[in-house]
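Below is one structure, written out as structure tokens, with a few remarks after it.
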Amino acid sequence: MSNINYFVLTVADCDADYTSTMVGHVKTLAQELLDDAGAIRVRVGVVVTGDNPGGVLLVQGYESIDGLEKALDVYSKSEAYREFVASGKVQIRLRNLVQAHPVAFLLSLIHI
């Protein structure tokens with residue numbers, strides 16, 4: 001079983017009339033990341049509250065940092081990525097790289 005040790009979190013603002021188109025492009029990009037960059041998990045969504053409402057969210061999970069380099073290659077070859085960047089309706093608000101560390105949780109059973 002693979003561990004997800006690195007996450008890439010990206011939030012992009014886009015024009016309201018372009019959101020469904022953008023989500024479609026990002027879903028295509030997500031599959032490309034799974035197929036060609038070795039992503040273990042990729043999730044796509046729309047932020048509904050907080051500082052970035054309406055933003056399109058892309059979360060990528062990788063076992064090693066090598067996956068991030070492969071993801072950059074995927075971006076450069078992706079027609080879906082090229083289309084939403086060229087649309088003029090999308091702007092990256094934030095992109096963060098997170099290194100995760102496993103934490104062991106101990107469960108205690110209490111008998112009454």
Worksheet item: Is it the case that one hydrophobic cluster holds both Ile65 and Leu72, taking links as side-chain heavy atoms less than 4.5 Å apart, direct or via other members?
Response: yes
Discussion item. Can you confirm whether more than 12 heavy atoms, excluding those of Asp51, are under 6.0 Å from its CG atom?
Written reply: no
Worksheet item: CG of Leu34 to CD1 of Ile40: how many Å apart, nearest 0.5 Å?
Response: 10.0 Å
Discussion item. Testing the basics here: between Tyr62 and Ala71, what is the closest heavy-atom pair and its distance to 0.1 Å?
Written reply: OH-CB, 3.4 Å
Practice prompt. Identify, with sequence neighbours excluded, every residue that meets side chain to side chain contact (heavy atoms under 4.5 Å, CB included) alongside Ala80.
Written response: His25, Thr28, Ser78
Response to the item:
Of all heavy-atom pairs linking Asn52 and Val11, the shortest is CB-CG1, 4.0 Å
Worksheet item: Given the rule in the side chain to side chain contact (heavy atoms under 4.5 Å, CB included) test, do Val46 and Thr19 qualify, once you have shown the distances and angles that lead to the verdict?
Response: CA-CA 9 Å; Val46 177; Thr19 301; 4.2 Å; yes
Practice prompt. State which residues pass side-chain hydrogen bond (donor to acceptor under 3.5 Å, both in side chains) with Tyr75; sequence neighbours excluded, sorted by chain then number.
Written response: Gln60
Fill in: Value rounded to 0.5 Å, distance of CG in Leu58 from CG in Leu9
9.0 Å
Worksheet item: Transitively linked via ILVMFWY side-chain contacts under 4.5 Å: Val8 with Val85?
Response: yes
Worksheet entry | Pairing residues for Ser64 by the side chain to side chain contact (heavy atoms under 4.5 Å, CB included) criterion, not counting sequence neighbours | Asp66
Practice prompt. Apply side chain to side chain contact (heavy atoms under 4.5 Å, CB included) to Arg41 and list each qualifying residue two or more places apart in sequence or on a separate chain.
Written response: Ile4, Arg43
Worksheet item: Under a 4.5 Å side-chain heavy-atom rule over Ile, Leu, Val, Met, Phe, Trp and Tyr, are Val98 and Val59 clustered together?
Response: yes
Worksheet item: Between Leu94 and Asn96, which heavy-atom pair has the shortest distance, and what is it?
Response: CD1-ND2, 3.5 Å
Worksheet entry | Phe84: partners by ring-ring contact (aromatic ring centres under 6.0 Å, His included), with sequence neighbours left out | Tyr81
Worksheet entry | Pair listing, side chain to side chain donor-acceptor pair (under 3.5 Å) test, anchored in residues 4-15, at least two apart | Tyr6-Gln99, Thr10-Arg95, Asp13-Arg93
Practice prompt. Flag yes if Val44 and Met22 sit in one hydrophobic cluster, no otherwise; membership is Ile, Leu, Val, Met, Phe, Trp, Tyr, and two members link when side-chain heavy atoms are under 4.5 Å apart.
Written response: yes
Worksheet entry | Minimum-distance pair of heavy atoms, taken over all atoms of Phe7 and Ala100 | CE1-CB, 4.0 Å
Worksheet item: Looking at residues at least two apart in the chain, or sitting in another chain, which of them share a side-chain hydrogen bond (donor to acceptor under 3.5 Å, both in side chains) with Gln31?
Response: Asp35
Response to the item:
By side chain to side chain contact (heavy atoms under 4.5 Å, CB included), Val74 pairs with (sequence neighbours left out) Leu29, Glu32, Leu33, Asp36, Ala37
Practice prompt. Verify side chain to side chain contact (heavy atoms under 4.5 Å, CB included) between Thr21 and Val23, making sure each step is shown before the conclusion.
Written response: CA-CA 5 Å; Thr21 301; Val23 169; over 6 Å; no
Worksheet entry | Listed once per pair and sorted, the salt bridge (charged side-chain N to carboxylate O under 4.0 Å, His left out) pairs that draw on residues 73-86, sequence neighbours left out | Glu79-Arg82
